[in-house]
Amino acid sequence: MLSFLRNMLEPPWLSFRSLISYLIEECKNTSQLKQIHAQIFTSSNLLQKDHHFFISRLLFFSALSGSGSLSYATQIFRRIKNPNLPIYNIMIRAYASKNSQNHDTHLCQALMLYKHMLSNGISPDSLTLPFLVKECTTRRAIGTGTGIQGQSIKLGFNTDLFVQNSMINFYSACASVSSARKLFDEMLIRDIVSWNSMIIGYLRCGRLDEALDLFRKMKRGNIITWNSLITGFVQGGRPKEALEFFHEMQCLSGDINMAKPDKITIASVLSACAHLGAIDHGKWVHGYLSRSGLECDMVIGTALVDMYGKCGCLERAHEVFREMPKKDTLAWSAIISVFALHGYGKEAFDIFKEMEAEGVKPNHVTFVGLLSACCHSGLVEIGRWCFDIMKRIYRIEPQVHHYACMVDILGRAGLFGEAEELIRNMPIEPDVFVWGALLGGCQMHGNVQLGEKVAQHLIDLEPLNHAFYMNLCDTYAKAGRYNDVQRIRASMKEQGIKKEIPGCSMIEVNGIVHEFSTVGSPDVVMDELVCLLTTLRNEMKANIVLMKN
DNA sequence: GTAGGGTTAG
């Protein structure tokens, strides 16, 4: 490459700047970069004159491209006598966006660089501040972010579109969405990023209707708007509307300016299908993916595994998983959870062994999957072992949902002493799910004595949650104490506690997702379901009679 | 330059 570089130094049609820039961009690794770096240093005076320019190109590649190295960039940076603004911006951006394990250190370094730059008499430009604000958003550094806003006002950048957009994003993600809205309303000029940042802000905090309201007011959304709405509605518990957005996208696809679904759309829509159990939609999206020529990457593969698994197609989920060329922790965790969900405890652990053999490190989600596998398959001893190795071997500190799973395993097995001891020794505060799991066990085994105590505790935590009263009623019923059932029901009535939101399930019939619950369900679906349930009940009764005989 | 994706119990 060096000889090529020497040969190219003279052509009149190619400037040094563009030649070196081209070569830097073509670098595949730090070692090639070092060769060019050396060449710049040993080249003619002409090159030396433009030293800052070449160094900033080198830094840009080394600090920000995937095949560079931040530590090499830092080494170069430390040897620069008087770094200029573009050089500082590259380094601040690199430190602020690097996915380091030690986030706080890097944020500190980004801010230290910023202070260093100011002390060298260099003022930031409109690029510097958004890098810092983005970093504060990722790290949820509220104090620092607010401080940077103060700086931006002082320096007169508070009307810069990029600064304003990054501040909207910062406030909506870290502090308050209403402060973000205030900034948004005060803006004289807004671009698509301003609108998207505000919509995403509302989606993030579950204010879906306000997000929707803003979306309907904006001129035209781009792919990020649509994808954000789909994901936001899935995560906000309204997956049916997420599918409707996708449908709207399809209907508008005739418009040349309409955003075309991309990989992110597919992943989000598959997640919506998984939440709804909408297998026909899911299959259609899978087909669409193949037809569209979009690459089925690891994220989509995982979403497909999850969708097929949650829609009841264990085999298809497994098949998709096997066909995935690369699998990360999330992909392995997804298939483990699918086996767990279907009650295949042993198979979930077989997959786990395979994952370990492949050298993929499990995370806390993997262990939720494994513990729930134990729970659904009644594997008490394996559950205890799993909980132990998670802490001891994998150094993963159990979170509150791991405790909830473990209590569930023990409670279902009627091991109340052990479950209570586990809760007593928890290093974190047990939440309603942990106590709820214990109450579930009491309900199952008719353990009135403990059930009363646990239910009372849960009622103290959430006095208006009807579920705990109902669980207590069921515990009494299981023990044959019907007077107590009546007493609790009367007490609920007296306090005005009722089941406000009816338990709701969804089923897809001929490609249409129907919601059904104890109040208001589509008649066709209910008729079919009642018919099926009657048949099943009669068959079960017949089998019991046969078994008794 | 600032905005978007998959896995977590009950």
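Residue numbers start from 1 in every chain, and the chains themselves are labelled A, B, ... in the order their sequence lines are given, proteins ahead of strands.
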message: I'd like to check the side-chain hydrogen bond (donor to acceptor under 3.5 Å, both in side chains) partners of A:S268; sequence neighbours left out, ordered by chain and number.
response: A:T231
task: Could you check whether A:R190 gets within reach of a base, just the sugar-phosphate, or nothing at all, counting any heavy atom under 4.0 Å?
output: nothing
message: Under the rule for side-chain hydrogen bond (donor to acceptor under 3.5 Å, both in side chains), what residues qualify as partners of A:Q235, not counting sequence neighbours?
response: none
task: Let me know the distance between NE2 of A:H376 and P of B:dT8, rounded to the nearest Å.
output: 12 Å
- request: Send over the distance from A:F367 CZ to B:dT8 P, rounded to a whole Å.
  value: 16 Å
query: Which residues satisfy the side chain to side chain contact (heavy atoms under 4.5 Å, CB included) test with A:Q151, sequence neighbours excluded?
result: A:Y114, A:L118, A:K154, A:L155
Residue pairs fulfilling side-chain hydrogen bond (donor to acceptor under 3.5 Å, both in side chains) with at least one residue in residues 303-313 of chain A, sequence neighbours excluded: A:H286-A:Y308, A:D306-A:K310
message: How would you summarise protein contacts on nucleotides 2-7 of chain B per nucleotide, using B for base, S for sugar-phosphate only and - for none, with heavy-atom distances below 4.0 Å?
response: BBBBBB
query: Restricting to pairs with a member in residues 321-331 of chain A, which pass salt bridge (Lys or Arg N to Asp or Glu O under 4.0 Å), not counting sequence neighbours?
result: A:R322-A:E354
query: Quick one: side-chain hydrogen bond (donor to acceptor under 3.5 Å, both in side chains) partners of A:R238, sequence neighbours excluded?
result: A:D209, A:E241
message: Among residues at least two apart in sequence or on other chains, which ones pass side-chain hydrogen bond (donor to acceptor under 3.5 Å, both in side chains) with A:R412?
response: A:D408
- request: Could you identify which residues of residues 396-404 of chain A place a heavy atom less than 4.0 Å from some atom of DNA chain B, listed by residue number, or say none?
  value: A:H401
task: Verify, without hydrogens or angle tests, whether A:S271 (side chain) and A:A267 (backbone) share a donor-acceptor contact under 3.5 angstrom.
output: no
task: Taking only the side-chain nitrogens and oxygens of A:H364, find out if one of them lies under 4.0 Å from OP1 or OP2 of B:dA9.
output: no
